Undergrad: 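Dropping the structure in here first, questions after.
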Amino acid sequence: DIQMTQSPSSLSASVGDRVIITCRASQSISSNLNWYQEKPGKAPKLLIHAASSLESGVPSRFSGSRSGTDFTLTINSLQPEDFATYYCQQSYTDFAFGPGTKVDIK
Amino acid sequence: QVQLVQSGAEVKKPGASVKISCKASGYTFTTYYIHWVRQAPGQGLEWMGIINPSGGTTTYAQKFQGRITMTRDTSTSTVYMELSSLRLEDTAVYSCARDRVTTVANPDALDIWGRGTMVTVSS
């Protein structure tokens with residue numbers, strides 16, 4: 001099975017900060033990597049698919065990139081509504097999620 | 001609008017089975033894959049499996065093989081997920097989600113989600 005890891009597991013940031021979350025696959029998954037945002041009591045929201053394709057309606061401060069088996073989600077100028085938990089997910093073999101990164105207020 | 005409406009909360013005893021429904025509306029049911037995902041209290045998201053509503057073909061996460069069955073009823077645009085031999089650790093919110101691509105392509109990502117069904121396993 002392909003294992004997905006995320007770092008950090010949590011972080012504290014301030015409004016306006018640039019936040020970078022990393023996801024690493026245990027083997028090549030090409031660009032078959034998605035990013036989701038989850039807020040308490042709400043369904044997860046798809047932000048990015050195929051490593052770097054922004055979903056319609058998602059603010060442009062969110063971006064995704066790939067370097068080999070390492071993937072990053074970048075949030076430029078963090079906004080109050082961005083405090084949430086973020087999950088990566090590979091869609092290369094099955095659809096396993098990473099363990100998540102909680103972004104909270106510093 | 002596209003909607004996935006799930007059945008209500010369930011309470012089950014260990015060893016029992018649970019069957020959850022997910023009724024789709026607002027699009028042609030057979031043209032999009034449906035996934036099932038669960039989230040235990042305070043834990044992360046766990047992908048369980050996928051069904052192609054067109055032909056009914058399924059793929060399950062290895063962890064659930066032998067305990068999970070996904071089916072669909074095209075006459076009611078409903079997908080079902082049954083989990084058997086329930087354990088205390090199966091207590092979770094179970095959600096269905098539609099894939100973002102149609103069934104003519106390989107499944108890709110989950111873009112429309114149901115509101116989740118709480119399943120509590122307790123003796």
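So you know, we letter chains A, B, ... as the sequences are listed, proteins then strands, and number each from 1. Because the structure is predicted, anything quoted here is derived from the model rather than measured.
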Undergrad: Pick from B:Asp111, B:Asn106, B:Thr59, B:Asp108: which one has the most heavy-atom pairs with chain A under 4.5 Å?
TA: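 Most heavy-atom pairs under 4.5 Å with chain A: B:Asp108.
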Undergrad: Of the backbone (N, CA, C, O) and the side chain (C-beta and beyond), which part of A:Pro44 lies under 4.5 Å from a heavy atom of chain B, both, or neither?
TA: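 Backbone plus side chain of A:Pro44, per the 4.5 Å heavy-atom cut-off to chain B.
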Undergrad: Hey, are A:Glu81 and A:Arg61 close enough for a salt bridge, meaning a charged N less than 4.0 Å from a carboxylate O?
TA: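 So A:Glu81 pairs with A:Arg61 through a salt bridge.
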Undergrad: Please look at B:Glu46 and chain A and tell me whether the side chain, the backbone, both or neither of the residue comes under 4.5 angstrom of a heavy atom of that chain.
TA: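 Contact with chain A: backbone only.
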Undergrad: Counting only heavy atoms closer than 4.5 Å, note whether B:Gln43 contacts chain A via side chain, backbone, both or neither.
TA: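 Looking at B:Gln43, just its backbone touches chain A.
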Undergrad: May I ask you to test the B:Val37-B:Leu110 pair for a side-chain heavy-atom distance under 4.5 Å?
TA: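 Yes, close enough: below the 4.5 Å cut-off.
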Undergrad: Has A:Gln3 got a side-chain atom pairing as donor or acceptor with A:Ser26's backbone, closer than 3.5 angstrom?
TA: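 The answer is no, because no donor-acceptor pair under 3.5 Å joins these two groups.
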Undergrad: If I measure from the heavy atoms of chain B, does A:Phe95 come under 4.5 Å with its side chain, its backbone, both, or neither?
TA: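 Both the backbone and the side chain of A:Phe95 come within 4.5 Å of chain B.
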Undergrad: Hey, does the side chain of B:Thr117 reach the backbone of B:Ser7 with a donor-acceptor pair shorter than 3.5 angstrom?
TA: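 Between the backbone of B:Ser7 and the side chain of B:Thr117 there is a qualifying donor-acceptor contact (under 3.5 Å).
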Undergrad: Given that the side chain runs from C-beta out, which part of A:Tyr92 has a heavy atom under 4.5 Å from chain B: side chain, backbone, both or neither?
TA: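 Contact with chain B is absent: no heavy atom of A:Tyr92 under 4.5 Å.
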Undergrad: How long is the gap from OG1 on A:Thr85 to CG on B:Leu45, to the nearest 0.5 Å?
TA: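 Result: 9.0 Å between the selected atoms.
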Undergrad: At a heavy-atom separation under 4.5 Å, does A:Asp1 approach chain B through its side chain, its backbone, both, or neither?
TA: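 The answer is the side chain of A:Asp1.
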Undergrad: Between chain A and each of B:Gly114, B:Gly49, B:Pro107, B:Gly116, count heavy-atom pairs under 4.5 Å; write down the option with the most.
TA: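 Most heavy-atom pairs under 4.5 Å with chain A: B:Pro107.
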Undergrad: With a 4.0 Å cut-off, would you call B:Asp90 and B:Arg67 a salt bridge?
TA: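 Answer for the salt bridge query: yes.
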Undergrad: For this output row, return yes or no: ring centroids of B:Tyr32 and B:Tyr27 closer than 6.0 angstrom.
TA: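 Under 6.0 Å, so yes.
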Undergrad: Where does B:Ala109 contact chain A at under 4.5 Å (heavy atoms): side chain, backbone, both or neither?
TA: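 It is both, since atoms from each part get that close.
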Undergrad: Taking side chain as everything from C-beta outward and backbone as N, CA, C, O, which of these in B:Val93 sits under 4.5 Å from a heavy atom of chain A? Side chain, backbone, both or neither.
TA: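 Neither part.
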